[in-house]
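These notes concern the structure reproduced below.
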Amino acid sequence: MCGIVGYIGDGGARKIIIDGLKRLEYRGYDSAGIALLSEGRIKLRKAAGRIANLEKILENAPVDGHAGIGHTRWATHGAPSDENAHPHTNGDGSIAIVHNGIIENYQELKEWLVREHGITFRSETDSEVVAHLIGVFYKGNLLDAVYDAAAKMRGAYAISAVAAAEPDRIVALRKDAPLIAGIGDGCNFLASDIPALLKYVRTIYLIENNETVLVTQDGITIFNERREKVKRDVFHVSWDADAAEKDGYDHFMLKEIFEQPKGIFETLNRRLDADGRVRLDGISLTKQDLEKIDRVYIVACGTAYHAGLVGKYAIEKFVRIPVEVDVASEFRYREPFVNEKTLLICISQSGETLDTLAALREARAKGARILSVVNVVGSSVARESDDVFYTWAGPEIAVASTKAFTTQLACLYLIALYMGSATGVLPEGEYRRILDELNALPGKLEALLADERTIREVAKKIYKKEQIFFIGRGTDASVALEGSLKLKEISYINSFAIAAGELKHGTIALIEQDTLVVVLATQDRLFEKLLSNIEEVKARGAYVIALAKEGNRKIEKQADDVFYIPACADEVTPVLGVVPLQLLAYHIAKLRGCDIDKPKNLAKSVTVE
Ligand code: F6R
């Protein structure tokens with residue numbers, strides 16, 4: 001996910017493009033850049049970091065123009081750096097492009113450009129290929145060159161290009177990544193998303209897949225794949241800028257909860273080939289490497305730690321190797337048995353959590369091999385690991401982590417499947433069974449999210465409670481911890497999670513009349529045990545909300561309210577089971593009037609010990 005903005009008019013392009021990029025920072029924020037057309041030249045400024053860094057550069061070395069393109073980046077190929085920031089140019093700087101998405105065959109195209117045209121690349125991005133391709137095909141008509149370049153590229157992307165020799169136009173192309181064009185008065189615009197333009201225009205064209213747009217000061221022309229002009233009705237935007245950024249959701253947290261089907265789909269899709277084998281692409285964990293490993297540690301913090309707890313179940317079950325999971329801040333100080341035979345899996349959304357990073361460094365110094373599960377490309381954890389398994393959640397803005405958790409789970413299942421299959425421990429039939437279950441998850445998540453109303457109704461009954469318990473067994477105990485954390489961090493309710501079997505060893509003393517207990521009973525093999533736990537707490541007067549798998553209706557006789565998740569194998573219930581708990585926390589916090597996206601005392605990235 002990246003953000004693109006383009007403008008062409010009488011002048012002042014710099015301010016308009018920077019304004020637009022700021023409204024798109026939610027799409028990515030690791031570097032930004034701008035290419036301005038002025039006096040027959042392309043003037044480029046770009047910088048790693050937030051848009052504020054780019055603004056500082058523009059203050060020190062001011063440029064402006066009548067037209068230009070800008071970009072805010074969410075790194076996919078190559079770390080966030082000045083060189084990898086967009087716009088990218090061709091060799092002599094006469095063509096500049098910005099790009100959102102992925103050019104799947106960029107390696108092949110890069111080799112061709114080097115071999116046939118002697119081109120030297122300056123960045124590690126797939127995007128730079130686009131600038132050189134357009135440059136190679138450019139014969140005085142940017143539109144022609146963009147069509148010729150697009151014919152060679154595979155992937156899902158949107159690009160926008162300018163040429164120094166044609167300062168009167170911007171050309172853009174959409175292929176499975178969002179693009180809109182805004183109709184101004186004596187000027188026109190391009191952007192990845194509506195919020196970028198709302199300060200300036202409210203009348204736009206929604207560009208469709210495989211369409212190319214030619215934007216001049218006087219007009220916008222849309223062409224289809226066959227280069228025929230397309231007639232498009234205009235779209236009038238009535239929402240305010242804040243609502244548009246959140247795609248109409250009230251909060252980023254809710255938007256991100258609803259993005260989980262896509263996140264899981266992307267995370268699986270990037271790592272599975274057509275035969276359903278896990279593709280390691282760049283990760284060097286061969287059968288020989290795995291044979292040397294006798295122990296796995298998973299270290300992480302908070303939500304990522306809870307994902308690690310589920311990962312332990314998957315790896316121990318599919319690979320039959322001992323796995324220890326530790327919170328990173330503890331791991332460092334307890335002299336763990338780490339050596340060259342250890343595989344350390346670090347899990348981190350931000351990749352910047354200091355505790356996790358310190359644990360990684362500690363283990364590395366003792367010879368462990370480091371495999372990380374990270375969302376932010378080029379982050380410190382990613383850079384310091386031997387191998388990285390990226391989650392494809394896209395930028396997570398809300399402080400409370402949701403889509404990072406479920407995509408971390410997807411990665412851990414894939415790692416476990418790969419290891420189980422490579423070592424020959426996991427029979428092929430089992431591999432296929434789990435793979436089918438994983439591939440069915442995006443659809444099941446969609447179905448689950450469609451029933452949000454039921455959760456909202458239950459939240460209305462309980463939002464005034466000041467204490468809530470979560471209990472579960474097996475992986476449900478790990479999901480209970482995550483449900484409890486979500487609730488406490490955004491609603492400030494005192495919540496507590498415990499393995500259901502452990503309740504009777506002390507904590508049950510706190511259960512009394514009307515105490516609220518959320519019982520996770522999503523696994524068939526443990527279902528009867530949880531029914532007994534419900535009996536235990538009901539006998540002491542508890543109000544029980546249960547989470548169960550569709551079909552296990554017997555639970556309705558005991559629980560006061562029940563949420564169902566779609567039927568699935570016990571191994572993958574955490575991906576579905578956590579969603580009603582995320583929604584429950586969200587709706588309770590909303591009813592309590594809390595600042596959901598920015599809860600008190602918390603930060604999105606914890607870079608202190
Ligand atoms: C909870 C939450 C935190 C993070 C933790 C680790 O919603 O977001 O518990 O999970 O601070 O952060 P990362 O994953 O960035 O290392």
Side-chain angles (χ1 to χ4, degrees), residues 29-30 74 251-257 260 263 267 298-311 325-332 344-361 370-385 388-412 470 478-493 495 497 574 578-579 581-586 588-589 594-609:
Y29 41 74
D30 60 42
W74 172 253
H251 297 93
F252 278 112
M253 182 181 174
L254 191 62
K255 175 173 180 262
E256 288 161 7
I257 289 173
Q260 292 180 106
T267 302
I298 301 181
V299 293
C301 306
T303 289
Y305 165 72
H306 298 153
L309 293 173
V310 177
V325 195
D326 222 337
V327 285
S329 52
E330 287 298 315
F331 176 81
R332 301 176 60 191
L344 184 95
I345 303 181
C346 283
I347 310 174
S348 176
Q349 186 284 129
S350 63
E352 300 298 345
T353 303
L354 193 64
D355 286 327
T356 308
L357 200 55
L360 179 160
R361 289 174 181 155
I370 318 286
L371 169 66
S372 292
V373 174
V374 177
N375 196 36
V376 179
V377 174
S379 55
S380 305
V381 170
R383 279 187 279 114
E384 295 190 30
S385 300
V388 188
F389 216 98
Y390 282 109
T391 46
W392 283 83
E396 196 177 58
I397 309 290
V399 165
S401 192
T402 52
K403 60 179 181 172
F405 177 74
T406 44
T407 52
Q408 284 160 357
L409 294 182
C411 285
L412 292 163
F470 288 77
S478 316
V479 177
L481 285 167
E482 176 56 10
S484 167
L485 178 66
K486 263 337 49 113
L487 184 73
K488 72 182 106 181
E489 67 183 324
I490 62 167
S491 74
Y492 318 133
I493 292 175
S495 80
V578 76
V579 175
L581 305 186
Q582 295 168 341
L583 285 169
L584 189 66
Y586 172 81
I588 289 176
C594 301
D595 186 353
I596 291 178
D597 284 337
K598 293 198 180 78
K600 69 177 182 204
N601 304 341
L602 300 179
K604 186 67 189 156
S605 178
V606 186
T607 52
V608 289
E609 230 194 299

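Order of listing sets the numbers, starting from 1, for every ligand and every atom in it. In what follows, residues are counted from 1 in the order of the sequence shown. None of these values were measured; they are calculated from a predicted model.
In terms of protein heavy-atom proximity, atom 11 (O) of ligand 1 is nearest to Val606 CG2, 4.0 Å. Annotation: atom 5 (C) of ligand 1 to nearest protein heavy atom, Cys301 O, 3.6 Å. The protein heavy-atom contact nearest to atom 14 (O) of ligand 1 is Gln349 N, 2.6 Å.
Contact check for Ile490 versus Asp597: no side-chain heavy atoms found under the 4.5 Å cut-off. Side-chain contact between Val579 and Gln260 is present, with at least one heavy-atom pair separated by less than 4.5 Å.
Listed by atom number, the atoms of ligand 1 under 4.0 Å from Val399 heavy atoms are 7 (O), 8 (O). Below 4.0 Å from some heavy atom of Ala304 lie the following atoms of ligand 1, by number and element: 10 (O), 14 (O). Every atom of ligand 1 with a heavy atom of Ala400 under 4.0 Å away is listed here by number and element: 7 (O).
The side chain of Glu489, and not its backbone, has at least one atom closer than 4.0 Å to an atom of ligand 1 (non-hydrogen atoms only; side chain from C-beta on).
Evaluated by nearest non-hydrogen atom to atom 12 (O) of ligand 1, the leading choice among Thr353, Leu357, Val327 is Thr353. Taking each of Val376, Asp355, Thr303 in turn, the one with a heavy atom nearest to atom 9 (O) of ligand 1 proves to be Thr303.
The structure places SG of Cys411 at 9.0 Å from CG of Asn375, a figure rounded to the nearest 0.5 Å.
Counting only N and O atoms by type, the side chains of Ser401 and Gln349 include no donor and acceptor under 3.5 Å apart.
Thr267 places a side-chain N or O within 3.5 Å of a backbone atom of Trp392 that can act as its donor or acceptor partner. At least one donor-acceptor pair closer than 3.5 Å links the side chain of Glu396 to the backbone N or O of Lys403.
In this structure, Lys486 counts as a contact residue of ligand 1, since one of its heavy atoms falls inside 4.0 Å of the ligand.
By the neighbour-count criterion of 12 heavy atoms within 6.0 Å, atom NZ of Lys598 is sparsely surrounded, having that number or fewer from other residues, nucleotides or ligands.
The side chain to side chain donor-acceptor pair (under 3.5 Å) test with Thr303 singles out one residue from Gln408, Glu489, Lys486, and that residue is Lys486.
Remark: ligand 1 and Ser350 share an N or O pair separated by less than 3.5 Å (distance only, no angle test).
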